[in-house]
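What follows is a single structure, written as structure tokens, with notes after it.
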Amino acid sequence: MDFSSFNFHPSLQESIDLAGYKKPTPIQEKAIPIILEGRDLIACAQTGTGKTAAFLLPVLNKLLQEDHKDSEVHALIMVPTRELAVQISSHLDGLTYFSSISSIAVYGGGDGGSFVREKQALSNGVDIVVATPGKLISHLNMGYVKMKELKYLILDEADRMLDMGFHDDIMRIISHLPEKRQTLLFSATMPPKILQLSKTILKDPGEISIALSKPPETIKQSAYVVYDTQKMGVIQHVLAEQPYTSVLIFCSKKQTVKQLTAQLQKKGYKAKDIHSDLDQTQREDVLLEFASKRLPILVATDILSRGIDIDQIELVINYDVPPDGEDYVHRIGRTARAETKGTAITLINPDDQFKFQRIEKLIGKTVEKAALPASLGEGPVYGQREKKEGSKKTFSSQPKGKKSSAAPIANDRKPAPVASNGPRPKIAIIKKGTENNLPLSE
Ligand code: AMP
């Protein structure tokens with residue numbers, strides 16, 4: 001199947017060609033016909049599947065083919081975070097490049113100037129609004145938002161919106177919208193509260209589920225079973241094997257990110273870190289440096305594991321095993337975006353073995369365990385618990401009979417700082433030349 005079978009408006013087809021999309025992804029193949037038919041939709045799909053274009057393309061096509069007043073808002077896309085709002089907005093800019101469809105991103109944290117711009121667009125009319133619920137409510141409360149003729153409502157990452165406590169805001173916003181509209185709900189997971197919401201706001205929806213928790217086959221996954229003191233040696237070994245130009249290393253804790261980056265820099269690698277201690281401008285600068293391939297190694301917390309959209313990350317290294325299977329899929333999904341190939345390597349210390357076995361179960365695959373380079377000594381045995389002196393159920397974290405070559409980096413078992421317990425924010429990469437503000441969370 002290719003995009004021509006949808007018979008999209010020529011200007012839209014032109015932007016699809018410009019974006020380099022050759023054929024629809026599975027979610028697009030399933031969702032686009034339902035949306036074009038005018039039906040409501042509930043879709044279970046994660047980021048990385050092409051879900052954004054799955055709703056943008058048919059909605060744009062409808063807007064291009066229908067008569068509509070310039071003085072109204074015609075489509076509303078509600079999202080949990082400002083990062084996702086910015087990311088969708090930049091996606092929209094690309095897909096509307098050859099048409100006159102207008103759009104605006106409305107999210108919290110901007111300056112006075114952005115409020116005035118948003119107010120102007122919402123009161124004078126704009127085709128598509130991409131908004132976080134809280135900020136949109138502030139505008140709705142002022143009474144000038146033109147949404148009486150709205151035709152399309154899209155809830156993206158609905159599960160995260162509910163997790164972040166936006167249920168009542170969403171319902172309040174919906175109370176301002178016409179009853180007769182097409183509603184599309186996208187969610188990475190389908191917990192009961194999402195099904196409940198869908199019953200309230202969707203009418204006879206089409207249902208789609210794109211297999212969850214399975215990393216793309218194009219990612220070559222492997223793992224090293226190590227002691228903490230061997231991790232740095234493995235990273236050096238991996239980086240020496242191939243001249244990677246774009247490597248993303250994930251650590252579960254901010255402290256580990258900082259320490260690992262310092263160690264890498266000390267060893268002469270061009271590496272930088274990104275985490276919540278950096279301010280907005282610093283994060284943006286690092287991300288752009290990495291996205292433009294001027295920075296080969298980026299060390300990050302899970303803040304980047306969802307939603308980051310950078311082309312051609314060749315290698316993802318999990319310095320530690322992520323908390324659960326979903327995180328693992330999200331982390332390694334940063335490589336092999338949209339049908340390119342990628343490599344993902346996970347370092348499993350004895351404490352993380354059980355977690356990794358659970359992940360293997362979830363993804364339905366036994367990840368290949370690579371042999372440690374001889375210079376690092378023997379690693380632990382996989383799947384076999386070892387007793388730490390004085391403790392009952394933990395594992396030893398030192399190689400037997402081998403002196404440590406590097407100090408182990410901060411114990412990942414330390415409790416997470418309070419700030420990282422909240423909902424994980426998303427990062428959007430802003431294409432070069434755009435000047436949007438890119439805070440990390442609402
Ligand atoms: P998403 O799941 O919406 O975050 O999309 C993930 C990535 O896939 C984005 O970089 C999109 O630009 C890209 N993408 C979306 N649709 C297609 C397609 N049909 N072919 C190739 N890449 C696509």
Side-chain angles (χ1 to χ4, degrees), residues 1-6 8 12-33 35 41 43-61 77-81 83-97 105 128 130 154-160 184-189 208-219 246 248 287 290-292 304-313 316 326 329-342 424-432 434:
M1 182 182 211
D2 63 26
F3 280 106
S4 63
S5 55
F6 296 127
F8 282 141
L12 187 56
Q13 186 57 54
E14 217 176 328
S15 17
I16 293 170
D17 296 340
L18 186 74
Y21 299 171
K22 300 276 183 288
K23 59 184 177 67
T25 63
I27 180 88
Q28 291 163 2
E29 242 182 67
K30 289 182 177 174
I32 291 172
I35 302 172
L41 174 73
C44 186
Q46 292 173 335
T47 180
T49 54
K51 69 175 169 66
T52 315
F55 60 78
L56 288 183
L57 291 172
V59 167
L60 284 171
N61 193 60
I77 303 170
M78 267 198 271
V79 296
T81 61
E83 289 74 28
L84 187 56
V86 172
Q87 186 162 312
I88 293 178
S89 190
S90 114
H91 209 134
L92 260 173
D93 286 346
L95 293 177
T96 56
Y97 191 78
I128 304 177
V130 187
I154 297 112
L155 280 81
D156 193 17
E157 303 208 349
D159 50 351
R160 275 192 86 198
L184 316 171
L185 185 153
F186 285 76
S187 188
T189 58
I208 297 174
S209 180
I210 292 297
L212 200 64
S213 306
K214 297 268 189 287
E217 286 301 320
T218 43
I219 303 177
S246 193
L248 184 53
L287 275 176
F290 184 60
S292 61
L304 281 194
S305 75
R306 287 167 197 248
I308 188 176
D309 191 11
I310 296 180
D311 287 341
Q312 288 156 3
I313 296 175
V316 168
E326 294 299 333
V329 174
H330 281 294
R331 279 189 184 187
I332 73 168
R334 299 315 97 208
T335 182
R337 304 286 285 165
E339 300 185 8
T340 58
K341 287 197 172 70
R424 264 171 311 199
K426 268 192 125 158
I427 290 265
I429 278 297
I430 297 189
K431 295 202 172 83
K432 259 191 238 162
T434 59

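As the structure lists them, so they are numbered: ligands from 1, and atoms in each ligand from 1. Residue numbers count from 1 along this sequence.
Distances below 4.0 Å separate heavy atoms of Phe3 from the following atoms of ligand 1: 19 (N). In summary, the atoms of ligand 1 found under 4.0 Å from a heavy atom of Thr25, numbered by their order in the structure, are 17 (C), 18 (C), 19 (N).
The shortest N or O to N or O distance between Lys22 and ligand 1 is not under 3.5 Å. An N or O contact shorter than 3.5 Å is missing between Gln87 and ligand 1 by distance. Residue Ala53 has no nitrogen or oxygen atom sitting less than 3.5 Å from a nitrogen or oxygen atom of ligand 1, judged on distance alone.
Using a 4.5 Å cut-off on side-chain heavy atoms (C-beta onward), Leu56 and Ile77 make contact.
Judged purely by atom type and a 3.5 angstrom limit, Asp159 uses its side chain to pair as donor or acceptor with the backbone of Thr189.
Residue Lys23 touches ligand 1 through its backbone alone, judged by heavy-atom distances below 4.0 Å.
For the residue pair Leu12 and Leu57, the shortest heavy atom distance occurs at CD2-O, 3.3 Å.
Applying the side chain to side chain contact (heavy atoms under 4.5 Å, CB included) test to Glu29 and every residue at least two apart in sequence or in another chain returns Met1, Pro24. Take Phe6 and apply the ring-ring contact (aromatic ring centres under 6.0 Å, His included) test, not counting sequence neighbours, and it matches Phe8.
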